[in-house]
Structures are given as structure tokens and as C-alpha cells.
Amino acid sequence: MSQHPYRTHTCNQLRAEHVGQRVRLGGWLYRKRDQKHQVFVDLRDHHGVTQVVFDESTPALTERVRDLRVESILIIDGEVVRREKPNDKLATGEIELKALALTVDSEAAELPIQVAIPKGESDRDGEELRLRWRFLDLRRERLHRNIVVRDVIIRAMRDHMHAEGFVEFQTPILTNSSPEGARDYLVPSRVHPGKFFALPQAPQQWKQLLMASGFDRYFQIAPCFRDEDARADRAPGEFYQLDLELAFATQEDVFGVIERLYQKMPDLVAPHLPDRPKKRIQQFPFPRLPYWEVVDRFGTDKPDLRFGLELTDVSEAVRGTGFGLFADALGKRDGRVKALRLPGLGKDGKGAARRLEKAVKEKGYGGLPHLIYTAGEVDGSLKKALTADEVARIKAATGAEADDLVVFGFGSRLQAAKVLGEVRLLVGREQNLADPTLLAFCFVVDFPFYELDDEGKVQFSHNPFSMPQGGMDALNGMDPLEIKAYQYDICCNGVELSSGAIRNHRPDVMYRAFELAGYSKADVDREFGHMIQAFRYGTPPHGGMAPGVDRSIMIFLDEPNIREVVAFPKNQKCQDLLVNAPSFVRKKQLDELHIRIVPPEGVDVQILP
RNA sequence: GGGGCCGUAGCACAAUUGGUUAGUGUACCGGACUGUCGAUCCGGGGGUUGCGGGUUCGAGUCCCGUCGGCCUCGCCA
């Protein structure tokens, strides 16, 4: 009988139907239960676990396996036998392998972190250790499965994009500095002393050039590099986007592609997560919500739509107030006073208000004035500042009842809402208002094209290369601050998955748009000349977006940290603790690159010989 | 760069809120056990409590500094 040198089956294949067969399994020694005369071994591979029994009929093997440490690689020949007492926790639990021959292919040293998690303990050791010994961490069930589901999701993205008529591209990694806002990673050129490549922050310019090149639908699982600090949902240094761009496309065309993709995901992912309830999409098609509507209602441009607690505008209820802070706010252009009613949170006096105020102050807000409605007198920090009429009108506007806490935000339309948006999220989290099995996607549309900067000057509010709604007529005829952009986000459960835009592909409109923001034609030509140049020779209208791949996977896997869905992530300081990167380099390497190191003061820099 | 939390055995955690020889689980080493299955039972080794100062009769515990990690804000399509 010819036999594969390492295995005839995986550790998740053998069933009752194989009983009596002689097979060979290869895998890791996962767990060992030693009973002296016989030793039970759980053999694990990528696919699953099979129990192997070493008994008195093969004393030498039993002796050998007893001495092995867990995580050693074993190649075991044996006979598939039916188990008297099946183990319904294992997919292979009907059978076991009676060992007849054993090869120890790779003996494991004592482990720095354990792969088999002790009963009752978490599989999340210290991050530093997990990253240093990532290949061990990746053997553990949850992380291993996350990486597999990552593949399921990425493959679904590729399949979907091809099915929708997209062509996959690769664009340069060694490229130039492009007009996104983040810090670039620079790569020195050996051949051109003093010159540098930049790693792409996104393939933005390339995909637009491909549109100009006549390709109809572009996509790429695109690596992006930005030298910015980490967040829980943002990897430092590098991450991936599902980058896509469509020619002759409207905003709705772009939305359709993404919405149909995400619609499929819960069904694709669920079979890999049998221990959890399947995710449900709250609303399909995804709601399209104008920017100012979500800011007004939820206090953020990335709303968590899984629960209510919406904000109320009480500007009219307090107009003419003698309370200085509110009066000042209302005196400004588009100034507002907004309220958030928190049912029942006034029951225990001022405790909740103080706690919430402390939390928003930690986020850098000035404070959180509040009222507590009771059966009798109103209480709270604004009790004396507001008149009885004002208090009554606020009650009517917010629908507040006895025991309710009402907190206030004031200032510009955005400022007034933002602080309450933070409170809304805090309370939503404390009270578990969001159903964790829901996926509440939405498109946020109609972002303002311009805004006022700190000095009161008109500035682009987001991407200067998006198309203003109304085009040239709007730029020439409207108050710039009223112009909306074909600029949009997709959000889910309070996380921004992507921005996107219908691009400005018309040089005349682009010059005018920049002119309103104070840039001359010469400025534009100098900074973005090659793009404008391309657009002068016939470029179709086009637009797209670029959902974060890692973030999308987090959402479907319910992982709170991006490192749980990336095989080899960097730590918060953008170091790779497994391969020790970044690292110092040899003098010869620096010489070849014509580079000299000038260390910051007090920092010890080494140059290797 | 700012703020918060944390740092005790290979790993995960405890230690009466300043008081005896720093414990428990797991891992490791040895022993017992013929159906275990996150095995069980018995025994053993393993610690400069991140590091450096300070307060105190006495510091894992309090104070200052420093290093490291995580979270968060700034930053960031």
C-alpha cells in the first residue's frame, strides 16, 4: 500500500464510516491524558482534533508519547476504532485512533505561552507576549479561526467584485508622496541620492488614473501605509482597504456594489462561528442619511443606529435666555442648544450627571450642564440658571418625565451635538442598549463641501477632489458653506468603515473649487499637476470608496481590537515584536543610501558595524 | 505629544489596604492510576514583586523618577 509520508487524513476527517481502516495522521500534541497503562492524546491540526489512544499492546510507543511535551509534531499510524463512549464535543468523537506506529517529527521545547487554555482562563495573555510568540498565539482556537474567517471575507470580496464586473489591479508600492493628509513612509533611493519614494497612503491617484485610462471598474485589496498612531480600530503603519472605483457612476452605483457585498457576509461567516448567534442586518437597503441629519440626531457622523436616545434641539425653547453660555451660543451663526433626555438617570440625584460630566471632560469637553426632572421641583446644575418657563419648554421639547436626566450641549451646530453624541454612546454602552447581533449599516451622504477654519476662512471640509453637488453653477452661485459634496461614508454600529466620493474630474471645476478655498491656479498646478494633466484628455465621471478590510472583519467577528483579526500585527508603537522591526541597520547600508542619522536629543541611536 | 490604567514564578492571577517564611491555578520535573476526554490524585523545583531612589522599626502595598505594555485624546480617508 502506498502511503503519504505525513498523513492520509486530517484531524477532522475520521468518522464511524472509517472504522477498521488503517490511516496516518499528522499534527500537534494538543493535550495528553496519562493513565500509565494507556495514554490518550488529542492530536490537533488546522482542521480539528482526533483522539489517539496508546495502550499496552504497544508499550514502547506508550512510553515514548508519555515523555513528549505538548505541541510536538507527531506522525501517527493507527487503526480507526469505534469509541464505546463517544465524545460529542469533538466532530471526530465517534471514533479514536489506536496507535500502531509513532514518528516524532519535531519535538517542542517548553512553551512560553500555552496553546491549550487552562479551564476558566482567558486566551488573552499580555499583548506583548502574544505578539512576540505570535506563531503560538495563532495556533489557539479563536485567533486561528479569526484568520480563517478573514480569508472567507476577503475571498467573498474578490468573488463579489468580479461578479459585479470589476477588474483587480496592482498599483505601485514604491510611489510618490500623494495629497492625502497623513505622514508618509519614505524609502530612500540608492540610485538617486537625496531622493525618496513614498509608500502609498492609499492608491487614490492610481485608481483615478486607471479611470482616465479607460478601465471601467477597478478594485484592489490594497495595502495602505500611514505613519500615524494607533487606535483600537486602526492599525499603526499598515492596513488593507477594499479599494474600488467605477466610471460613469453615480453615488448610488457605488452604494449598490458595497451594500450587496455586505449583505452576503452574515451568511458566509455564520458557518464558521457555530457557537454564536448569526448577525442580522438591521435595514436593507442601507439607509442613506444626510450628514446634518445624523449629526443633529446622534451627535456624530458615524452613528450607532442600533438604539435610540436621539438628541433634541432646544434652541427655540431657550431663545432669549438669560443664561450666558446658552445666549452666547445662540448669538453665533448657526449656534444651537441641544438636549439629550436620559430616562431614569435622574433617579439617584446628581450621581449620573457627575459621572457623565467626568467622562466627557476626559475627552476634552468643557462640561455637561444638566437638569433633573422630579415629581416636584426641578434639580440639577441649571436649576437656577433657567427660568421656570424655559424648564417647562425643555420638558415639552424632550418629553422628559420625573426621574429623567437631561444633559445639554451648546455652541455651533456641530459642537452642541458632539458632546451629547459622546454621552449617548456612553449610556448606550452602560445600559447595553445595542443588540450585539445587529449590523446597522448606513450611508452618510451630503457632507458639506466647505467649512470655516479656526480663522473664519473657507476651507475644504473633507476631500478637495470630490465633486461639489451642482458643479460649476453651485461654485459660482451659492454660499460656499451651503454647498454639499458628493462625499459619503459608510458606517456600521458606530464605526466608520470607509469614506468615498464622486470625484471632481473636470479641471475647470477643480480650479474654481480650489480658488474659493484660496488656492491659485498655479498652486493647484504645482501640487496636483499630474492629475489635472490626465483629466485634460478626456476622463469619464467616476467615483468610488475604499472600505477598511480589517475593520470590516472586526465587525463581522465582533472583535474589539484590530490585532485580533490580523495574523502578524504591530503593537501600539508600530513595532513588530516577532521579527524585531523596525531595527537599526549597518553602516554600509546607510552609506549606500547616502544617509546620515541625526538622532533627536537624548535618544540613543546605534549603527551596526 | 497629553491623560488614564497596569507591571508579583514560563503564563494567568492572589496577597487582610504598611506587618511572620509572598500564595493559588496552569506549565515544568518525579510518582500513582486500565477508558480518559479542559482527566484525577500525591510530591518537587521555580521569585532581586519591571528598574532606581525615598518615607518607615518594617514596603509587593505609600511617595518621586524611569522603562515597558494597553486604553484614550491629539493626529489620521
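Note on naming: letters A, B, ... go to the chains in the order of the sequence lines (proteins, then strands), and numbering restarts at 1 for each one.
- At a threshold of 4.0 angstrom between heavy atoms, the contacts of E84(A) with the nucleic acid are absent.
- Residue L136(A) contributes atom CG, which lies 13 Å from atom P of C11(B) at whole-angstrom precision.
- Proximity of K89(A) to the phosphate of G38(B): a side-chain N or O atom is located under 4.0 Å from OP1 or OP2.
- In this structure, a donor-acceptor pair under 3.5 Å is present between the side chains of D184(A) and Q201(A).
- Nucleotide U26(B): paired with G10(B) (Watson-Crick or G-U wobble, both distances less than 3.5 Å).
- For R31(A) and U36(B), a side-chain-to-base donor-acceptor distance below 3.5 Å is absent, hydrogens and geometry of angles not being considered.
- Within the 4.0 Å cut-off from OP1 or OP2 of A77(B), not a single side-chain nitrogen or oxygen of R234(A) is found.
- Across A32(B), U36(B), A27(B), the shortest atom-to-atom separation from the side chain of Q114(A) is found for A27(B).
- G38(B) atom P lies 12 Å from atom CD of E141(A), rounded to whole Å.
- With its glycosidic angle more than 90° from 0, U20(B) adopts the anti conformation.
- Contact check of residues 50-69 of chain A against RNA chain B (heavy atom, cut-off under 4.0 Å) returns Q51(A), E56(A), R69(A).
- Side-chain atoms of R226(A) lie closest to A77(B) of the nucleotides G69(B), A77(B), C37(B).
- Searching all strands for a Watson-Crick or G-U wobble partner of G19(B) with both distances below 3.5 Å returns C57(B).
- In terms of phosphate contacts, N571(A) brings a side-chain nitrogen or oxygen within less than 4.0 Å of OP1 or OP2 of G69(B).
- For the pair K85(A) NZ and C37(B) P, the interatomic distance rounds to 8 Å; values are reported in whole Å.
- Annotation: G50(B) and G7(B) have their C1' atoms spaced 6 Å apart (nearest Å).
- E128(A) comes within 4.0 angstrom of the backbone, heavy atoms only, and of no base.
- Whole-Å rounding puts the F40(A) CZ to U40(B) C1' distance at 13 Å.
- Comparing C63(B) with G47(B), their C1' atoms are spaced 25 Å from each other, to the whole Å.
- Between H462(A) and F447(A), the two ring planes are perpendicular [angle over 60°; tilted spans 30° to 60°].
- In summary, R66(A) and E63(A) engage in a salt bridge, as defined by a charged side-chain N under 4.0 Å from a carboxylate O.
- Heavy-atom distances to RNA chain B give each of R83(A) and K36(A) a nearest nucleotide, and the one nearer the 5′ end belongs to K36(A).
- Among the atoms of the strands shown, only primed sugar atoms or phosphate atoms (P, OP1, OP2) are found under 4.0 Å from some heavy atom of Q575(A).
- Taking the C1' atoms as reference points, U20(B) lies 12 Å from G58(B), given to the whole Å.
- For E228(A) and G74(B), a side-chain-to-base donor-acceptor distance below 3.5 Å is absent, hydrogens and geometry of angles not being considered.
- Nucleic acid contact class of R183(A) (heavy atoms, under 4.0 Å, all strands): sugar-phosphate only.
- With respect to E127(A) and K573(A), no salt bridge is recorded, no charged nitrogen being found less than 4.0 Å from a carboxylate O.
- A centroid separation of 6.0 Å or more is found between the aromatic rings of F443(A) and Y488(A).
- When each of A77(B), G38(B), C70(B) is scored by its nearest atom to the side-chain atoms of H462(A), the top-ranked nucleotide is A77(B).
- The C1' atoms of G46(B) and C11(B) are separated by 13 Å, rounded to the nearest whole Å.
- For G52(B), the paired nucleotide is C64(B), the pair qualifying as Watson-Crick or G-U wobble because both relevant distances are below 3.5 Å.
- The number of heavy-atom neighbours closer than 6.0 Å to NZ of K484(A), taken from other residues, nucleotides and ligands shown, is 12 or below.
- Between D229(A) atom CG and C73(B) atom P there is a gap of 12 Å when expressed in whole angstrom units.
- At least one side-chain nitrogen or oxygen of R33(A) sits closer than 4.0 Å to the OP1 or OP2 atom of A39(B).
- For the C1' atoms, the distance from G23(B) to G60(B) is 12 Å, rounded to whole Å.
- Taking atom CG on D34(A) and atom C1' on C33(B), their separation rounds to 9 Å, with Å as the unit.
- For the residue pair F449(A) and S466(A), the shortest heavy atom distance occurs at CE1-O, 3.2 Å.
- The base of G74(B) sits within donor-acceptor range of the side chain of R231(A), with an N or O pair under 3.5 Å.
- Using a 4.0 Å heavy-atom criterion, one finds that L129(A) contacts the sugar-phosphate atoms exclusively.
- Here the closest heavy-atom approach between residue C491(A) and residue V444(A) is recorded as SG-CG2, 4.3 Å.
- Comparing the same atom, P, in C64(B) and in G18(B) gives a spacing of 16 Å after rounding to whole Å.
- The base of A77(B) sits within donor-acceptor range of the side chain of Q487(A), with an N or O pair under 3.5 Å.
- When heavy atoms are screened at a 4.0 angstrom cut-off, R130(A) is found touching no nucleic acid atom at all.
- Spacing of C1' atoms, G3(B) relative to G74(B), comes out at 11 Å, to the nearest Å.
- Between E245(A) and R503(A) a salt bridge is recorded (basic side-chain N to carboxylate O distance below 4.0 Å).
- For the pair R82(A) CZ and C37(B) C1', the interatomic distance rounds to 18 Å; values are reported in whole Å.
- Using a 4.0 Å cut-off between charged nitrogen and carboxylate oxygen, R563(A) and D137(A) do not count as a salt-bridge pair.
- In terms of phosphate contacts, Q572(A) brings a side-chain nitrogen or oxygen within less than 4.0 Å of OP1 or OP2 of C70(B).
- As a whole-Å value, the separation of Y30(A) OH from U26(B) C1' is 14 Å.
- Using atom P as the reference point in both A59(B) and C42(B), the two lie 36 Å apart (nearest Å).
- Here the side chains of Y240(A) and I154(A) are not in contact, with every heavy-atom distance at 4.5 Å or above.
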